[in-house]
Participant: 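Could you have a look at this structure, given as structure tokens, before my questions?
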Amino acid sequence: MPILRVALDVPVNTLFDYLGPDTVVTEQDVGTRVRVPFGKHLMTGVIMEVATYSSIASPKLKPIAHIFRDVPPLPETLLDLFRFCSAYYHHPLGEVVMNGLPGRLRSSKPFVQQYRPILEYRLTGTGRAADPSVIPPRNIVKRRLLARLKETGSITIEEAKQLSQRAPGVLKEFASLWWVEERAEIESSAIAAANTSSPVPVLTPAQKNAVDEIVPTIKQFNTWLLHGVTGSGKTEVYLRLITLMLHQRRQTLVLVPEINLTPQLEAVFRARFPAIRLISLHSGLNPSERAGGWLQAQRGDAQIILGTRLAVFTPLPDLGLIIVDEEQDMSFKQQDGLRYSARDVAIFRARQTGVPVILGSATPSLETYYNAINGRYLRLQLPSRAVRNATLPLVRCIDTRIAKTEEGLSPPLISALETSLALNQQSLVFINRRGYAPVLLCRSCAWTAACQRCASRLVVHLREKKLRCHHCGHQERFPTNCPECGDQDIAPFGHGTQRVEEALSRRFPHARIMRIDRDSTRRKDAWQKMLEEIQGQRVDILIGTQILAKGHDFPNLSLVSVLNSDASLFSSDFRASERLFAQLMQVAGRAGRGGIPGQVLIQTEFPNHPLYQALCRHDYDSLAQTLLVERKLARFPPFIYQVLLWAEAPSIDLALAFLANAEGISAKPKHIEIFDPVPAQMPRLKGMERAYLLVQSSSRSKLQKFLGEWRTQLDALPDRKVRWALDVDPLEF
DNA sequence: AGCACGCCGACT
DNA sequence: GTCGGCGTGCTC
């Protein structure tokens, strides 16, 4: 009997051996889902290996309960991708595999697709390997059908009917054995391929250059950095390369950040390629839709796969190109479970498949930038805006030490808003703080309202008369007097979106003002409605947080102003500057996208700070160079490789004790630095206390080797009430 | 992760 | 004398 080595969703880094019925299971079944008895229950897993021998004592071995023949087996290349992730992120293989499957295929029930008329049957690998002598000699129809399939590879339902009246039934039977797969479309339907509908714009010289650079080596692995200022037309470069892929009948995987931006890009793609099967995999889909799209990708029917980080694990038999848009975006990194970076996994996948990967960004992460200037990645630049007459906005700082603010607004900003209003142009006020005020303060004893479960201040939401924790969602009533000293002189301190909205409505009573943050867009479709209002010119002043920074075109927007961004200049997080710059570049990029010249005003007490200076000059490179020098001196990434060991426990002492223990048992090899355990930046979160231990090395391979050994030791450590996890290439501390 | 096994404190 | 606490170890 064959031994099946099965990946299961359990936190132990091992496969589990089962007995497989030899008549049904072959080498071809690697990648097939199975139902197996595990402890008390049945679980769904994936066959990773078929072997003849098991090191497990035979009385322990159980037979599998069921083999799923509802979808094709996962291709070996995808299993290799899972193996890589498990090894690189030091995460159990079974969890990696099951995390990569759509939920619908993880469940106990077989996947039943919505009705699609079956037009064609195609022979599978299992079918090709099937021995015709197992068919009884008198079953002529079966024999003929199998012979025919082995000859031509596929058969349409019409052709089959001509062979025999009973052929469709026999094909169904073949399908249940996984000898053939059912297809709803006939192969040739892909021919409609690259006939485009929406007008194809003329490329700018820079865009043309980028395309011309990539095309000659489009069939080999390279990591390209497409470095283009906002509005420089990176999307058009993607579209040209995708067109090429469509002509070559190859699939393109497009990864986008985790924001409601997917529909927008989807619309652009659909307009350009109306006849092409595009699937988009994002959080808004129900499980069946997701599994359906995933399956279309696996069959090679979907030619463009657009999705968030999870989509990097989609099986793609004809993959020809990977695009990672806004590669610096933090949402490509998963922060729990398997802590993978979809951008980095995409690069591995491109190398594995031998296809190019394009990282697009206006403000690349320093890791990517460093790789581009040292030649590991190939850099292409789009230095100016693509729309005719659209230029980069004029960026200026307002020194609030001189121009004193009132209600958070300085006189020059007020007059700029007035001018915009008079010209009937839109303005955007960017402030990265939701709520009315970030702190509730007692003037008499300096008490501030804090969250009981998190180490954070409660944010004042005045309209709802509530105090809210933005980390865990906890809410409480607004107190009437100070719980410490009883004084009634408690007041909101600082400014959030709601307070700025209030101040602006007082200042500009006739202006149409709209606040856009997580609170105002919570309701379903609210954001879509608001976008329509903005695009229909029914709004004068927009006030909002980061959701306004990304991706949307506001053609009539001429003024962008930034409030209260100074805090990030002096953060203890060494990546804070990089992120602030990227965010401000993005929000500044909203101004002047149409024909109107744009203006950006930044209220700051540090107008001479190099970050703002670089921003005023639109000079990413000089800031990046400055930051790289700092990083090199401080021995931070990208000059060093980091790993965190996270621990979470009911008390910080337990977490720290576990980490000290972990540090103690480590082999402490040369070239590996292990730092002492420290509490996390947000030491208490949702009632749990968190700490971490930093491990770093200038050698990635030495670090990997160390982690492999350390992990085994950590597994053996008593983890009393402590949950722990390794975070390779961490972004947050 | 679940779940069983197992060894020490307050209960009908 | 038992019910149940959660510490430890296993699941093919």
Side-chain angles (χ1 to χ4, degrees), chain A residues 1-22 24-27 29-68 73-74 79 82-83 85-86 89-103 105-108 334-340 645-651 653-662 664-665 686-690 711-727:
Chain A
M1 270 206 204
I3 300 296
L4 307 183
R5 314 210 65 220
V6 177
L8 292 171
D9 194 5
V10 286
V12 272
N13 194 18
T14 176
L15 298 175
F16 292 87
D17 292 1
Y18 288 88
L19 297 168
D22 49 2
V24 186
V25 180
T26 70
E27 203 58 49
D29 288 305
V30 167
T32 299
R33 279 144 55 247
V34 286
R35 211 69 194 134
V36 292
F38 187 76
K40 271 210 130 187
H41 299 281
L42 286 173
M43 283 186 100
T44 303
V46 173
I47 303 174
M48 298 299 286
E49 291 162 30
V50 177
T52 51
Y53 165 82
S54 171
S55 55
I56 301 296
S58 50
K60 274 189 173 182
L61 289 176
K62 297 178 186 172
I64 56 162
H66 179 67
I67 307 179
F68 288 105
L74 305 177
L79 300 183
F82 290 144
R83 290 186 190 107
C85 287
S86 170
Y89 293 106
H90 298 272
H91 198 83
L93 180 57
E95 287 192 345
V96 175
V97 171
M98 296 317 275
N99 168 61
L101 292 188
L105 298 181
R106 258 177 279 166
S107 73
S108 58
Q334 183 143 72
Q335 294 291 7
D336 51 63
L338 171 65
R339 295 171 180 243
Y340 68 103
L645 175 61
W646 282 103
E648 194 182 80
S651 87
D653 291 341
L654 273 172
L656 289 169
F658 170 83
L659 294 173
N661 214 345
I665 59 159
K686 299 176 188 177
M688 288 295 245
E689 312 225 316
R690 311 178 320 140
R711 218 219 113 95
T712 329
Q713 301 180 72
L714 291 175
D715 279 326
L717 220 56
D719 45 358
R720 304 144 51 75
K721 293 176 187 165
V722 179
R723 288 167 47 102
W724 61 270
L726 284 169
D727 188 352

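Every chain is numbered from 1 and lettered A, B, ... according to where its sequence line falls, protein lines coming before strand lines.
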Participant: Please determine whether a side-chain nitrogen or oxygen atom of A:His41 lies at a distance below 4.0 Å from atom OP1 or OP2 of B:dG2.
Facilitator: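 No, A:His41 has no side-chain N/O under 4.0 Å of OP1/OP2 on B:dG2.
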Participant: Would you call the rings of A:Trp724 and A:Phe658 parallel, tilted or perpendicular, taking 30° and 60° as the class edges?
Facilitator: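 If you compare the ring of A:Trp724 with that of A:Phe658, the planes turn out parallel.
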Participant: Output the rounded distance in Å from CZ (A:Arg723) to C1' (B:dA1).
Facilitator: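 So the CZ-C1' distance, A:Arg723 to B:dA1, works out to 10 Å.
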Participant: Please compare A:Val10 and A:Lys40 by the position of their nearest nucleotide in DNA chain B and report the one closer to 5'.
Facilitator: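 That would be A:Val10.
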Participant: May I ask you to say whether A:Asp719 pairs ionically with A:Arg723, meaning some side-chain N is under 4.0 Å from a carboxylate O?
Facilitator: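 A:Arg723 and A:Asp719: not salt-bridged.
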Participant: May I have the distance from A:Asn99 (atom CG) to B:dA1 (atom C1'), rounded to whole angstrom?
Facilitator: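 So the CG-C1' distance, A:Asn99 to B:dA1, works out to 15 Å.
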Participant: Provide, to the nearest angstrom, the distance between the CG atom belonging to A:Asp336 and the C1' atom belonging to B:dA1.
Facilitator: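 Spelled out: CG on A:Asp336 to C1' on B:dA1 is 15 Å.
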Participant: Quick one: how far along DNA chain C does chain A reach, first to last nucleotide 5' to 3', anything under 4.0 Å to a heavy atom?
Facilitator: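 Both ends considered, the range comes out as C:dG7 to C:dC12.
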Participant: If you define the side chain from C-beta out and look only at heavy atoms, does anything of A:Tyr18 sit under 4.5 Å from A:Pro37?
Facilitator: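 A:Tyr18 reaches A:Pro37 side chain to side chain.
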Participant: Run the side-chain contact (heavy atoms from CB on, under 4.5 Å) test on A:Leu101 and A:Val46 for me, step by step, so that the C-alpha distance in whole Å, both residues' side-chain angles and the decisive distance to 0.1 Å come before the verdict.
Facilitator: CA-CA 10 Å; A:Leu101 292 188; A:Val46 173; 4.0 Å; yes
Participant: So which atom in A:Met48 and which in A:Leu79 form the shortest heavy-atom distance, rounded to 0.1 Å?
Facilitator: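 Where A:Met48 meets A:Leu79 most closely, the heavy atoms are SD-CD2, 3.9 Å.
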Participant: Nearest whole angstrom, please: distance from the P of B:dG2 to the CG of A:Leu42.
Facilitator: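 These atoms are roughly 15 Å apart.
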Participant: Flag the pair A:Arg35 / A:Ser108 as yes when at least one side-chain heavy-atom distance between them is below 4.5 Å, and no otherwise.
Facilitator: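 Yes; the side chains approach each other to less than 4.5 Å.
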